[in-house]
Amino acid sequence: MLAAVRSAVLEGVDGRIVTVEVHVSRGLPGYTVVGLPDAAGRESRERVRAALLSSGLEYPQQRVTVNLAPASVRKTGAGLELAVALALTCAAGGLPSGSLDHVGVLGELGLDGSVRPVIGAVAIVDALARAGVDNIIVPAANAAEAMLVPGATIRVARTLGELHACLKGEAPWPDPPDPPHVAFDAPEPDEPLDLADVLGLEDARRALTVAAAGAHHLLMVGSPGVGKTILARRLPTIMAPLDADEALEVMKIHSAAGTHRGRALRTDAPFRQPHHSASMVSLIGGGSARVRPGEVSLAHRGALFLDELPEFPVHALEALRQPLEERVVRVSRASGTIEFPAHFLLVACANPCPCGRNAVECRCSDVQRSRYARRLSAPLLDRFDLRIRVEQTGRERGLSSEEVAGRVAVAVERQHARLLGTPWRRNAHIPAGALRHLIPLDDDARNAWTGLCQVRRLTGRGAARVLRVARTVADLDDRAHVGAGDVERAAWMREDLW
Ligand SMILES: [Zn+2]
């Protein structure tokens, strides 16, 4: 007898449909898996057998062949075990034939027959729903996140025995859990942060506002203790919330990474702050056994904050260039290339020298300073739209986070209206080829721009970045046209730091 059921496995942050076929035939009892399974797949035989027996179900004393198709998809983890157990039971006659026809299944099995959660349930359920699977059986612990996927009817599985009874029509399906908690705000921080706490630093506050509004990468250089880190940590308090599509994109990535955020649909923009001792893989993504998204992807649609940027390993900094430019991370595997989205805003801080002392106590030589600065390559520095020197000026109190967030929201709305129907969402995303069309300049502004580009000897890339920032400056003031003053302000915020 042959039975088949659909499931899916995680590949990058997306689900790939896998059909689990089980054939039970006369012959010497045996168990063969074909279709490129990894070690976990092979080990699954013992768990499937133990789970069936502890659930009071039959394990056929016959020849069992499990085929995981298509063979080209690499199957990692044990998330196909529940599908194997159900198809096996069906092939052995323990379930009516056809009972798995319109069903999708995901879940690992415990030896006692319990159904255990899988990593990346959102992406897997999403793939099954897109493939037109009507009923998707998910482990109870994954039910809340699975229910956030539009277009899927979720059936909850707690144990293999209970699931078997439901599929035979002998027991009602367990009630789905309460609608999951949809958190529209970030969880309350331990200490509430507000921009108004930062005294002085007016230029840096303005640059941070421009960064948040237009998704411009920002580098702040200043002596230790000047307040740049305190400022950067307040970025989440002024960023615009995610829309529904973005929130689901972010949740899919976090679900694939197994982070806490992957268990709820949140509309606050992600904010990631890895330490400079973080490994290359944890920063960029990759890994040997299971390919995971890195910090740059966990910051997707939000911000990545790298404090003390020159302290990061040089090879990690250079590896950042590609996702900064292409907004995607590509990890090459024997089985093909896996892509992770990495649409993030980079905010970085750097001390001017390696000693970590303030300007008065610092005794670093010019050679030491320039050696430190050289850790940040010219191509990396060029990718920052905003580069500012942070110096303590005055102690006056500025706008609160709430007030700044209001201005940012207006600017974001203007950008959404302008970029409607394009693949881009913020000014920083507009490719060079579309600038002339999307950011028209009058003669005054154009003269100011070309003049500044010559005086500052900007590269083509640098000139384009000034233009995008100028557009954001005007958007923050809710103005339709970019003026010469906006271009000048944008150029001021792109300093040559070393
Ligand atoms: Zn120093």
Study note, to complete from the structure: Smallest heavy-atom separation, Met280 atom then Ala316 atom, equals SD-CA, 3.6 Å

Study note, to complete from the structure: Closest non-hydrogen contact found for Ala257 with Leu298 is CB-CD2, 3.7 Å

Practice item. Would you sort out whether Val296 and Phe340 count as a side chain to side chain contact (heavy atoms under 4.5 Å, CB included), showing the intermediate values? Key: CA-CA 9 Å; Val296 296; Phe340 292 110; over 6 Å; no

Revision key, fill the gap. Smallest heavy-atom separation, Leu100 atom then Cys90 atom, equals CD1-CB, 3.9 Å

Exercise for review: Please tell me if the side chains of Asn427 and Arg418 come closer than 4.5 Å, counting only heavy atoms from C-beta onward.
Suggested key: yes

Check your understanding: Side chain of Gln322, backbone of Val328: donor and acceptor closer than 3.5 Å?
Key -> yes

Review point. Distance-only, no hydrogens or angles: does the Arg375 side chain make a donor-acceptor pair with backbone N or O of Pro310 under 3.5 Å?
Key: yes

Practice item. Locate the shortest heavy-atom distance separating Val24 from Ala91; write the atom from each residue and the value. Key: CG2-CB, 3.7 Å

Review point. Are Val122 and Val125 close enough that some pair of their side-chain heavy atoms sits under 4.5 Å apart?
Key: no

Check your understanding: For the side chain of Ser297 and the backbone of Ala342, is there at least one donor-acceptor N/O pair under 3.5 Å apart?
Key -> no

Review point. Quick one: are Leu68 and Val66 in side-chain contact, heavy atoms under 4.5 Å?
Key: yes

Review point. Of Ile124, Asp126, Leu10, which is the lone residue that meets side chain to side chain contact (heavy atoms under 4.5 Å, CB included) with Lys252?
Key: Asp126

Practice item. Report the distance from atom CZ of Phe305 to atom CG of Leu218, rounding to the nearest 0.5 Å. Key: 9.5 Å

Check your understanding: With sequence neighbours left out, which residue pairs that include part of residues 312-328 fulfil the salt bridge (charged side-chain N to carboxylate O under 4.0 Å, His left out) condition?
Key -> Glu318-Arg321, Glu325-Arg383, Glu325-Arg461, Glu325-Arg465, Glu326-Arg330

Exercise for review: Could you tell me whether the side chain of Arg234 and the main chain of Ile230 form a donor-acceptor pair under 3.5 Å?
Suggested key: yes

Exercise for review: Return the minimal non-hydrogen interatomic distance between Leu283 and Leu306, and the atom names on each side.
Suggested key: CD1-CD2, 4.3 Å

Practice item. Without swapping roles, check the side chain of Arg426 against the backbone of Ala212 for a donor-acceptor pair under 3.5 Å. Key: yes

**Study point:** Atom pair CD (Gln62) and CG (Leu28), whose distance is rounded to the nearest 0.5 Å
**Key:** 11.5 Å

Check your understanding: Using 4.0 Å as the upper bound for N to carboxylate O, is an ion pair formed by Asp14 and Arg130?
Key -> no

Point to revise | Gap separating the CD atom of Glu81 from the CG atom of Leu109, nearest 0.5 angstrom | key: 5.0 Å

Exercise for review: Give a yes or no answer on whether the side chain of Asp194 reaches the backbone of Asp197 with a donor-acceptor pair at less than 3.5 Å.
Suggested key: no

Practice item. Please confirm whether the backbone N or O of Asn135 pairs with a side-chain atom of Thr153, one donor and one acceptor, at under 3.5 Å? Key: no

Check your understanding: Do Pro431 and Trp424 come within less than 4.5 Å of each other through their side chains, counting heavy atoms only?
Key -> yes

Point to revise | Arg261/Asp268 salt bridge by N-O under 4.0 Å criterion | key: yes

Practice item. For residues Cys166 and Arg155, determine if any side-chain heavy atom of one lies less than 4.5 Å from a side-chain heavy atom of the other. Key: no

Review point. Is there a side-chain contact between Leu163 and Trp173, using heavy atoms and a 4.5 Å cut-off?
Key: yes

**Study point:** Residues that His429 engages under ring pair (Phe, Tyr, Trp, His ring centres under 6.0 Å), provided they are two or more places apart
**Key:** His343

Practice item. Calculate, to the nearest 0.5 Å, the distance between atoms OG1 and CG belonging to Thr209 and Leu235 respectively. Key: 9.5 Å

**Study point:** Side chain Glu246, main chain Ala269, donor-acceptor under 3.5 Å
**Key:** no

Exercise for review: List the atom of Pro323, the atom of Val329, and the distance in Å for their closest heavy-atom pair.
Suggested key: CB-CG2, 3.9 Å

Review point. Angle class for the His217/Phe344 ring planes (parallel below 30°, perpendicular above 60°, tilted otherwise)?
Key: tilted

**Study point:** Main-chain N/O of Val118 paired to Asn142 side chain as donor or acceptor, under 3.5 Å
**Key:** yes

Check your understanding: How long is the span from the CG atom in Leu52 to the OG1 atom in Thr89, to the nearest 0.5 Å?
Key -> 4.5 Å

**Study point:** Between His164 and Ser55: side-chain donor-acceptor atoms closer than 3.5 Å
**Key:** no

Review point. Does the side chain of Leu167 reach to within under 4.5 Å of the side chain of Ile137, using non-hydrogen atoms?
Key: yes

Point to revise | Validation row: Met239, Leu345 side chains within 4.5 angstrom (heavy atoms) | key: yes

